[in-house]
Amino acid sequence: MHTGFESPLVLQAPAKLNLYLKILGKRSDGFHEIETLMQTLDLHDTLRFLPSSSGKISLEIEHVSPHQAAREVLPTDHRNLIVRAALLLKERTNCSEGVDILLRKRIPSQAGLGGGSSDAATTLLALNQLWKLQLSPQELIQTAAELGSDIPFFVTRQSLAVGYGRGEQLHAVPGKPISYVLVKPDSGLSTAEVYANCKVSPFPHSSKELLNALHGSDLSRVKYHLHNSLQEPAEQLNEDVQTVLSAMQQQNFLATMMSGSGTACFGICRNRREANFAAAKLQGLSVGTVIVAHSRV
């Protein structure tokens, strides 16, 4: 419970796209060695943190966007990464404080958009401030890496970064304004299951070549350098991924691909007007939830 005098801390948790995700091999720890390029978006969840003298962690979830299906029941106990992040911080720092957390959910789950990871990273950042833990950025990143491979990226608050290792070895790179259309089918996929069915990629191009295309004068060249090693196993596990991609490939996108472990797919647009036009056409096809989003720079 809280005393009523504290001010809540409210932070946004952005979604991400993997513009490049290449499987390089299997590691001795059971994870996969990857090279990835991650881009944050203006699509975001919102988290409100209110100090609590109870010493307990409580989580409430509201679905605030029409595309968040009411049937999507997310756990509010230790199965949720938000709660696990808070409990790990308490354990590491011997903190006796509690917190009441309200998650306003906009990012679709099981989509490859990093919603859960971003929420967890935002929780680490918020509680470090709220509980006055004074953990360094590096300490927060190390804690984040224990919770999940994508979480360090969100802790750094970078808009665009190349990731190596499990994705936690990060190098920030300059971004640019890009408009996207996202389509998330009603069905989802388990990240673990998709990775269990992936293979080492023979794709010849690196993320550096994609970055050159992104910053070049002709954005249409990105289609030659986008890559996601998880797309093929995802298509085999869930036919909705191919259905969505087929529908998107009929539109006037510069390039299309699945993000992360899916099932959300994205199209790159020349500008915001074309993004809004393509989104309207896709909404009429009823292939899934359609969202217009823009890169954070």
Side-chain angles (χ1 to χ4, degrees), residues 13-19 21 23 31-32 34 36 38-41 43-45 59 61-85 103-122 147-151 153-154 166-167 180-198 228-249 256-267 279 282-283 285-293:
K16 61 84 181 165
L17 291 176
N18 294 88
L19 302 179
L21 199 167
I23 302 295
F31 289 96
H32 288 81
I34 68 170
T36 186
M38 292 179 282
Q39 165 79 74
T40 52
L41 303 173
L43 170 66
H44 64 272
D45 292 341
L59 173 63
I61 301 175
E62 292 180 0
H63 296 291
V64 296
S65 293
H67 65 259
Q68 280 298 131
R71 65 180 177 277
E72 187 180 25
V73 179
L74 300 177
T76 56
D77 56 15
H78 65 277
R79 293 170 295 169
N80 193 297
L81 273 172
I82 293 171
V83 176
R84 284 164 57 191
L103 167 64
R104 293 189 170 97
K105 190 73 182 155
R106 297 181 185 87
I107 305 171
S109 301
Q110 292 197 333
L113 300 176
S117 295
S118 188
D119 293 341
T122 302
L147 290 163
S149 300
D150 284 347
I151 301 177
F153 170 64
F154 291 109
R166 289 163 41 205
Y180 300 94
V181 175
L182 318 179
V183 181
K184 165 65 170 67
D186 290 340
S187 58
L189 275 170
S190 157
T191 299
E193 187 178 13
V194 176
Y195 266 102
N197 286 273
C198 72
N228 186 349
S229 298
L230 301 180
Q231 183 171 305
E232 183 178 344
E235 288 176 345
Q236 293 170 352
L237 291 165
N238 188 328
E239 62 184 15
D240 289 345
V241 174
Q242 183 56 56
T243 299
V244 166
L245 284 169
S246 295
M248 296 185 78
Q249 287 158 5
T256 58
M257 194 173 72
M258 186 187 79
S259 180
S261 57
T263 55
C265 303
F266 65 91
L282 285 164
Q283 282 168 341
L285 298 177
S286 300
V287 289
T289 297
V290 181
I291 305 169
V292 175

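This is a predicted model, so every value here is computed, not measured.
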Interatomic spacing from [atom1] in [X] to [atom2] in [Y] - rounded to 0.5 Å:
X	Y	atom1	atom2	result
Thr40	Phe154	OG1	CZ	8.0 Å
Ile82	Leu103	CD1	CG	4.5 Å
Leu21	His32	CG	NE2	11.0 Å
Gln242	Gln231	CD	CD	7.5 Å
Ile151	Arg84	CD1	CZ	7.5 Å
Lys184	Ser109	NZ	OG	8.0 Å

Can you name the closest pair of heavy atoms from [X] and [Y] and give their distance?
X	Y	result
Thr256	Gly267	CG2-CA, 4.1 Å
Val292	Ala279	CG2-CB, 3.5 Å
Leu182	Ala293	CD1-CB, 4.3 Å
Leu43	Pro108	CD2-CD, 4.4 Å
Thr122	Ala13	OG1-CB, 3.3 Å
Leu230	Met258	O-CE, 3.6 Å

Sidechain-backbone polar pair: [X] side chain, [Y] backbone, donor-acceptor under 3.5 Å:
X	Y	answer
Ser118	Ala15	no
Asn18	Met38	no
Asn197	Ala234	no
Lys16	Gly115	no

How about [X] and [Y]: do any of their side-chain heavy atoms sit closer than 4.5 Å?
X	Y	answer
Ile291	Leu41	no
His63	Leu74	yes
Thr76	Val83	no
Leu19	Phe266	yes
Leu113	Ser259	yes
Leu189	Gln110	no

Just checking, any donor-acceptor pair under 3.5 angstrom between side chains of Asn238 and Ser187? yes
Residues, nucleotides or ligands: over 12 heavy atoms within 6.0 Å of Glu62 CD: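 Enclosed.
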Are more than 12 heavy atoms from other residues, nucleotides or ligands located less than 6.0 Å from atom CD of Glu232?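 Count not over threshold, so no.
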Let me know which of Val244, Thr289, Thr243, Val287 forms a side chain to side chain contact (heavy atoms under 4.5 Å, CB included) with Pro185. Val244
Could you please spell out the steps behind the side chain to side chain contact (heavy atoms under 4.5 Å, CB included) verdict for Glu235 and Leu245? CA-CA 10 Å; Glu235 288 176 345; Leu245 284 169; 3.4 Å; yes
